Amino acid sequence: MDTSTQPPPRAAELLDAVGPAFSRLRRAQALNVEKQVSRKDFTRTLVLNIVQDGPDEEGQEITVGVVGERLAVDPSVASRMVSDCISVGYLIRAASQRDGRRTILQLTPEGHETLARFRRHQRAAFERITQDWPEQERLEFARLLIKYVDSVGELQNDPGAA
């Protein structure tokens, strides 16, 4: 058996630990840095980020269906999540400029402020978690994390990926 393509044992252990680390990170997502982020607010920011991120492809508009696809939830769940964001004033429904029968989603000024506040919270959490790290490591980790997330996005948008 050719083992030349397999990583050395320590590297394999490290790579095997990535999945469980992501699970622990997911469970700790609302780290109380300044003020605890409620589950409801965290869910709202997921929806708001999708609307702010905008289309993945030419001609796409952000609809309830797109929110559901990106969050991998049933259309009824996506509809409830979007309705909640609308009821608190973070989103509005608007007519599609491409097809007047369709409804698209847009951020309100309150929605933009909510995202800005959440991003400040996320930065404070990152800075607190990495406060004892050398500055170069903090910046390199931030760069690599962004690169990783961008690569995940590219893979999700690749129709040839299985």
Side-chain angles (χ1 to χ4, degrees), residues 5-73 77-78 81-82 84-86 88-92 104-162:
T5 60
Q6 295 179 356
R10 283 197 51 81
E13 290 172 13
L14 183 62
L15 294 173
D16 286 344
V18 170
F22 275 130
S23 294
R24 289 192 310 276
L25 181 61
R26 172 73 171 95
R27 291 191 304 268
Q29 68 195 358
L31 176 69
N32 185 2
V33 176
E34 299 162 350
K35 177 183 167 197
Q36 184 73 24
V37 175
S38 74
R39 184 174 301 184
K40 172 96 48 198
D41 284 342
F42 181 78
T43 300
R44 288 172 178 160
T45 61
L46 292 174
V47 174
L48 299 179
N49 274 310
I50 289 169
V51 175
Q52 186 174 59
D53 287 349
D56 282 339
E57 56 198 46
E58 182 70 31
Q60 183 184 52
E61 295 176 306
I62 304 302
T63 62
V64 173
V66 169
V67 170
E69 287 172 19
R70 291 191 189 170
L71 292 177
V73 298
V77 173
M81 294 169 77
V82 166
D84 175 61
C85 288
I86 290 169
V88 294
Y90 298 158
L91 290 177
I92 59 170
I104 61 170
L105 303 171
Q106 296 176 337
L107 286 168
T108 64
E110 294 83 6
H112 284 287
E113 177 51 39
T114 297
L115 278 177
R117 189 172 51 253
F118 189 69
R119 290 198 173 114
R120 288 190 299 270
H121 181 274
Q122 289 173 311
R123 179 174 177 159
F126 181 84
E127 289 174 345
R128 179 174 176 195
I129 292 164
T130 62
Q131 67 187 353
D132 295 332
W133 297 16
E135 186 68 14
Q136 183 176 347
E137 284 185 12
R138 294 170 94 187
L139 296 175
E140 182 66 3
F141 178 70
R143 185 188 70 76
L144 290 172
L145 181 60
I146 292 164
K147 180 179 180 179
Y148 179 86
V149 171
D150 289 345
S151 294
V152 168
E154 289 171 14
L155 187 62
Q156 287 174 326
N157 294 328
D158 181 1

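Note: hydrogens, waters and symmetry copies are ignored here, and every other heavy atom, side chains too, is used. Every value quoted in this text rests on a predicted model; they were computed, and no experiment measured them.
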Given E154 and V149, is the side chain to side chain contact (heavy atoms under 4.5 Å, CB included) satisfied, shown in steps? CA-CA 9 Å; E154 289 171 14; V149 171; over 6 Å; no

Student check: side-chain heavy atoms of [X] and [Y] closer than 4.5 Å:
X: M81; Y: T43; result: yes
X: V47; Y: R44; result: no
X: R123; Y: E127; result: yes
X: H112; Y: L115; result: no

Donor-acceptor pair, side chain of T63 and main chain of V66, under 3.5 angstrom: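 Yes, T63 side chain to V66 backbone: donor-acceptor pair under 3.5 Å.
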
Check: D56 main-chain N/O paired with Q60 side-chain donor or acceptor under 3.5 Å: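 Side chain of Q60 to backbone of D56, a donor-acceptor pair under 3.5 Å: yes, one is there.
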
Looking at every non-hydrogen atom in both residues, tell me the closest pair between L48 and C85 and how far apart they are.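 Shortest heavy-atom separation between L48 and C85 comes out as CD2-SG, 4.3 Å.
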
What pair of heavy atoms forms the shortest contact from W133 to I129, and how long is it?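 Looks like NE1-O, 4.0 Å.
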
Identify, with sequence neighbours excluded, every residue that meets side chain to side chain donor-acceptor pair (under 3.5 Å) alongside [X].
X: E110; result: T108
X: E135; result: R138
X: R119; result: N49, Q52
X: E137; result: none

Atom pair OG1/CG of T114 and D41 - distance to nearest 0.5 Å: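 It comes to 7.5 Å.
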
When rounded to the nearest 0.5 angstrom, what distance separates CD1 in I62 from CD1 in I104?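 The CD1 atom of I62 sits 9.0 Å away from the CD1 atom of I104.
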
Evaluate the criterion ring pair (Phe, Tyr, Trp, His ring centres under 6.0 Å) for residue pair F141 and Y148; output intermediate values, then yes/no. CA-CA 10 Å; F141 178 70; Y148 179 86; over 10 Å; no

For E69, what residues pass the side-chain contact (heavy atoms from CB on, under 4.5 Å) criterion, not counting sequence neighbours?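 Here no residue qualifies.
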
Are there over 12 heavy-atom neighbours, none belonging to Q136, within less than 6.0 Å of that residue's CD?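 No, not enclosed.
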
Quick one: list whatever passes salt bridge (Lys or Arg N to Asp or Glu O under 4.0 Å) with E140, sequence neighbours left out.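 E140 satisfies salt bridge (Lys or Arg N to Asp or Glu O under 4.0 Å) with R143 once adjacent residues are dropped.
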
Could you point out which residue of V73, L46, V82 forms a side-chain contact (heavy atoms from CB on, under 4.5 Å) with V67?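 Result: among V73, L46, V82, V82 is the only option passing the side-chain contact (heavy atoms from CB on, under 4.5 Å) with V67.
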
